[in-house]
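As the structure is a prediction and not an experimental result, all values here were calculated from the model. The first residue in the sequence is number 1, and the count goes up from there. Atoms considered below: every heavy atom in the structure, side chains included; atoms not considered: hydrogens, waters and symmetry mates.
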Amino acid sequence: HRDLHSFPTRRSSDLLKDRIDRLEDVSERAELYSRVALCLPDQERSQLLMTAVRLLNQSGSQVRARQILARIPPPLFDDVFAESILVIKQLEYDLPRADCIVALAPKCNPCQLDTLTDLAKTLGGSVPRAKAMAGIVPFTSSLSGVVLLKEVESQISHIEDAGDLV
């Protein structure tokens with residue numbers, strides 16, 4: 001309470017972020033950032049949530065990082081989108097990468113969807129690739145959606161041929 005009166009020109013959320021920055025436990029910092037972010041306008045919220053995602057990723061809490069990534073509000077601002085792509089590329093396995101792509105797709109503009117599509121095409125396994133592509137299709141324009149649907153169909157045929165069915 002004393003801190004709020006000593007800096008009358010700063011918002012209380014800024015003061016909280018400063019106090020959180022001083023915590024040693026990376027996971028605890030990330031969790032608190034994600035909670036403070038809920039009180040902020042969209043762009044600031046997105047940036048603080050990405051800070052939490054980055055910290056969780058670095059600490060090995062990738063499942064929690066994906067959950068927070070899914071909470072980033074649309075529209076997905078370009079700086080946040082670029083950082084999201086970096087986070088996805090840093091994930092160790094293709095299935096979590098596919099999950100992140102699916103979580104981001106509804107928040108993307110057409111240009112960002114093209115980038116997600118390109119990233120989905122680089123996924124190593126046919127199952128993660130098909131899952132990511134299927135997650136992108138509903139948010140694409142009708143023309144590019146037709147192309148993506150054909151790619152998804154091709155991926156599914158490949159999975160069926162290989163016998164990689166659940």
Side-chain angles (χ1 to χ4, degrees), residues 17 20 25-142 144-159 162 164-166:
K17 287 188 279 185
I20 293 169
D25 185 310
V26 174
S27 295
E28 191 172 270
R29 268 196 343 238
E31 288 300 327
L32 291 171
Y33 280 144
S34 71
R35 291 174 67 190
V36 169
L38 299 175
C39 305
L40 300 173
D42 282 351
Q43 187 158 10
E44 289 179 70
R45 181 182 324 150
S46 297
Q47 290 167 341
L48 196 55
L49 287 173
M50 278 310 301
T51 299
V53 167
R54 194 177 333 103
L55 288 171
L56 288 166
N57 234 6
Q58 291 168 358
S59 72
S61 302
Q62 294 178 342
V63 171
R64 184 68 183 126
R66 287 195 319 266
Q67 291 169 344
I68 291 176
L69 190 62
R71 288 181 16 203
I72 294 175
L76 202 57
F77 300 97
D78 287 335
D79 56 336
V80 174
F81 178 75
E83 191 168 349
S84 300
I85 294 298
L86 290 175
V87 166
I88 292 170
K89 287 180 177 179
Q90 291 171 357
L91 293 173
E92 190 173 348
Y93 300 107
D94 283 333
L95 206 48
R97 286 186 190 133
D99 290 340
C100 287
I101 289 169
V102 170
L104 288 180
K107 304 165 189 188
C108 291
N109 64 39
C111 184
Q112 293 169 337
L113 283 170
D114 289 344
T115 302
L116 274 187
T117 302
D118 291 343
L119 182 59
K121 290 176 183 177
T122 68
L123 297 179
S126 51
V127 171
R129 197 167 38 248
K131 179 178 185 176
M133 297 297 272
I136 295 169
V137 169
F139 307 102
T140 59
S141 68
S142 59
S144 61
V146 169
V147 173
L148 278 176
L149 281 173
K150 288 183 180 184
E151 288 181 16
V152 169
E153 186 178 349
S154 170
Q155 288 296 324
I156 292 170
S157 295
H158 181 71
I159 292 167
D164 293 337
L165 301 173
V166 179

Query raised in the report: Can you check side-chain contact (heavy atoms from CB on, under 4.5 Å) on Leu38 and Arg71, steps first, answer last?
Result: CA-CA 10 Å; Leu38 299 175; Arg71 288 181 16 203; 3.9 Å; yes
Where [X] and [Y] come nearest, the two heavy atoms and their spacing:
X      : Y      : answer
Pro73  : Asp42  : CG-OD1, 3.8 Å
Leu123 : Pro128 : CD1-O, 3.7 Å
Ala120 : Arg129 : O-CG, 3.2 Å

Does the side chain of [Y] come within less than 4.5 Å of [X]'s, by heavy atoms?
X      : Y      : answer
Lys131 : Leu95  : yes
Arg64  : Glu31  : yes
Cys108 : Phe81  : yes
Val80  : Leu49  : no
Gln47  : Leu40  : no
Met50  : Val87  : yes
Arg97  : Leu119 : no

Report task. Apply side-chain contact (heavy atoms from CB on, under 4.5 Å) to the pair Ile101 and Thr117, showing each step before the final yes or no. Result -> CA-CA 9 Å; Ile101 289 169; Thr117 302; over 6 Å; no
**Report entry** Trace of the side-chain contact (heavy atoms from CB on, under 4.5 Å) decision for Gln62 with Asn57
**Finding:** CA-CA 5 Å; Gln62 294 178 342; Asn57 234 6; 3.1 Å; yes
Query - Lys107 side chain vs Ala70 backbone, donor-acceptor pair below 3.5 Å - result: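 Present.
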Query raised in the report: Has the side chain of Arg66 got a donor or acceptor atom that lies under 3.5 Å from a matching backbone atom of Cys100?
Result: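 A pair under 3.5 Å: no.
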[atom1]/[X] to [atom2]/[Y] distance, rounded to the nearest 0.5 angstrom?
X      : Y      : atom1 : atom2 : result
Ile88  : Asp94  : CD1   : CG    : 12.0 Å
Leu104 : Asp99  : CG    : CG    : 11.0 Å
Leu116 : Ile136 : CG    : CD1   : 5.0 Å

Report task. Decide yes or no on side-chain contact (heavy atoms from CB on, under 4.5 Å) for Gln58 and Gln90, but give the supporting numbers first. Result -> CA-CA 10 Å; Gln58 291 168 358; Gln90 291 171 357; over 6 Å; no
